[in-house]
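Structure first, then comments.
In what follows, every heavy atom counts, from backbone to side chain, and hydrogens, waters and symmetry copies are set aside. Only a predicted model underlies this, so the values are computations on that prediction, with no experimental measurement involved.
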Amino acid sequence: MLGRFLTKLRNSYRRRGAVGTVRNTLRRAVQALRDMTPTGRREKRRREESDRDFDTRFGVDTGGLIQLNQFQIPSETWAFGCPYGAIHPDDFARLLGVVPVRHEDFTFVDYGSGKGRAVLLASERPFKKVVGVEFTPELDRIAHHNLDKFPAERRRCEVELVCGDALEYELPAGPLVCYFYNPFGREIMEGVVARIEESFRRNPREIYVLYANPRESAAWDGARNFRKLAHTGDYALYRADPAAVPQPTPEPLAARGA
C-alpha cells in the first residue's frame, strides 16, 4: 500500500511539479472535509441507499466508493485515476435526457465504466451499441458478472465490456455518445480528448460528450473540434459536428497542370 502511494506521489510530482502536487493534495483534503459536512453526509447516505436499492433489485454489485490503490492495475496511469463510484440511476436518466440523439444511430461509450452501472442503465435504451471501457481488471470482472446477472429482457442493445486503457481505446466508426463520470484527472483527460479529436479528424461524424461531475472540463473547453452546448454544476455537454469541418477548396481549373 505504501509503495503504491509513493508511486502515485512520484507520478504527481513528475507531472504537476512540487506546487501542483501540493495543490492537488490540498484539493483532495478539501473534498474530504466537504464529505464530512452535513451536506456531504447526506449525499453519502443518498449514494449508499441508491447503491443498495439498485443492487438488491437486480441482484448485482455496482455500488461502493472504492480507491484505486486497492487494486493491482497493470498501468502507471492508475495514479491519475479517480475513486470508483456509481451514478444515481435518476441522475443518469436526467443527464442522458439532455443529449438530443436518436439512440438507434449512436454507440454509447462509457469511459471508466467500473462495475458497469452506467453501462447497464444505458443498455435499457435502444442504442446501436453500448461499450464500457475500464482499465482495472478487478472492476472489469465484476462488470462482466453484473452484465450476466442483469435481466436480459431489460437490455435493448448489444453490450461490450473492454478491459483496457482509455488512452489506447479505438473508438467505433459511427456516431458516438462519449460518457464520463469523473473517471480520471487532467493528465489522462487531456490525452483522451486528443485521442477523440484525432478519431474525429480521421473520420468526421457526430460525437457528443456527456461529462458528469465535470471537474476537468477545461480539457474539453479547449478542444478544437468540440463546441460546448451546456455546462452546469453537475454536467457538461459538448458536440463535434462533421458539417462544421472545413472542406478543401477545389483548385481552379486554370491553375491545374495540363
Side-chain angles (χ1 to χ4, degrees), residues 1 4 28 31-73 78-97 108-125 127 130-157 159-164 166 177-185 188 210-216 233-235:
M1 185 73 72
R4 293 180 69 80
R28 291 176 178 271
Q31 183 59 49
L33 290 174
R34 286 175 179 168
D35 291 342
M36 297 170 62
T37 64
T39 299
R41 291 196 295 270
R42 284 195 298 272
E43 178 57 32
K44 181 181 179 182
R45 285 195 298 271
R46 177 177 182 262
R47 183 175 61 245
E48 290 173 346
E49 291 172 359
S50 167
D51 290 346
R52 183 169 53 252
D53 292 347
F54 184 88
D55 289 354
T56 300
R57 180 182 180 190
F58 298 113
V60 294
D61 171 20
T62 65
L65 184 63
I66 306 173
Q67 300 292 331
L68 296 185
N69 58 14
Q70 298 182 29
F71 303 113
Q72 296 297 319
I73 302 171
W78 75 269
F80 307 109
C82 296
Y84 167 77
I87 192 167
H88 191 287
D90 292 344
D91 292 339
F92 182 80
R94 174 175 55 83
L95 296 183
L96 202 58
F108 179 94
V109 180
D110 179 3
Y111 278 88
S113 50
K115 294 182 180 182
R117 181 184 292 178
V119 167
L120 299 180
L121 293 170
S123 75
E124 296 182 311
R125 310 294 179 102
F127 282 105
V130 170
V131 181
V133 182
E134 173 55 50
F135 79 152
T136 308
E138 291 93 333
L139 294 179
D140 177 69
R141 284 194 289 272
I142 295 173
H144 274 88
H145 183 67
N146 288 333
L147 182 61
D148 290 341
K149 298 190 72 174
F150 195 67
E153 63 272 14
R154 297 189 67 89
R155 298 203 302 268
R156 302 177 64 186
C157 61
V159 175
E160 179 185 6
L161 296 174
V162 177
C163 186
V177 175
C178 296
Y179 170 76
F180 300 84
Y181 184 39
N182 188 35
F184 27 68
I188 302 302
L210 177 60
Y211 188 179
N213 193 10
R215 295 188 179 181
E216 306 298 340
D234 60 349
Y235 82 92

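For the pair S113 (side chain) and V133 (backbone), a donor-acceptor distance under 3.5 Å is present.
Look at D55 and K115 and you find no salt bridge, because none of the NZ, NE, NH1 or NH2 atoms lies under 4.0 Å from a carboxylate O. Of the charged side-chain nitrogens involved, at least one lies within less than 4.0 Å of a carboxylate oxygen, so that D51 and R117 count as a salt-bridged pair.
Distance CD1/I188 to CD/E216: 11.0 Å, rounded to 0.5 Å. Atom OH of Y181 is separated from atom CZ of F92 by 11.5 Å, given to the nearest 0.5 angstrom. Between atom OH of residue Y235 and atom CG of residue D91 there is a gap of 12.5 Å, rounded to the nearest 0.5 Å. Separating the CG atom in L95 from the CG atom in D234 is a distance of 5.5 Å, to the nearest 0.5 Å. Here H88 contributes atom NE2 and E49 contributes atom CD; the two are 8.5 Å apart, rounded to the nearest 0.5 Å. From L121, atom CG reaches atom CG of L96 across 9.0 Å, with rounding to the nearest 0.5 Å.
For the pair N146/V119, no side-chain contact is recorded, criterion being any heavy-atom separation below 4.5 Å from C-beta on. Using a 4.5 Å heavy-atom cutoff, the side chains of L120 and F58 are not in contact. D140 has its side chain within reach of L161: a pair of non-hydrogen atoms, C-beta onward, lies under 4.5 Å apart.
Across all non-hydrogen atoms, the minimal contact from I87 to Y179 is CD1-OH, 3.4 Å. Taking all atoms of both residues into account, the shortest heavy-atom contact from Y211 to N213 is CE2-O, 3.7 Å. Across R156 and E124, no two heavy atoms sit closer than the pair CD-O, 2.8 Å. Of all heavy-atom pairs between A143 and G116, the closest is CB-N, 4.1 Å. Contact detail for L147 and R155: the closest heavy-atom pair is O-NH1, 3.2 Å. Residues C157 and A122 share a closest heavy-atom pair of SG-O, 4.5 Å.
For the 3.5 Å distance criterion, the side chains of E138 and T136 fail to qualify, holding no donor opposite an acceptor.
Taking the six-membered ring where tryptophan is involved, the planes of F150 and F54 are essentially parallel, since the angle between them stays under 30° and well short of 60°.
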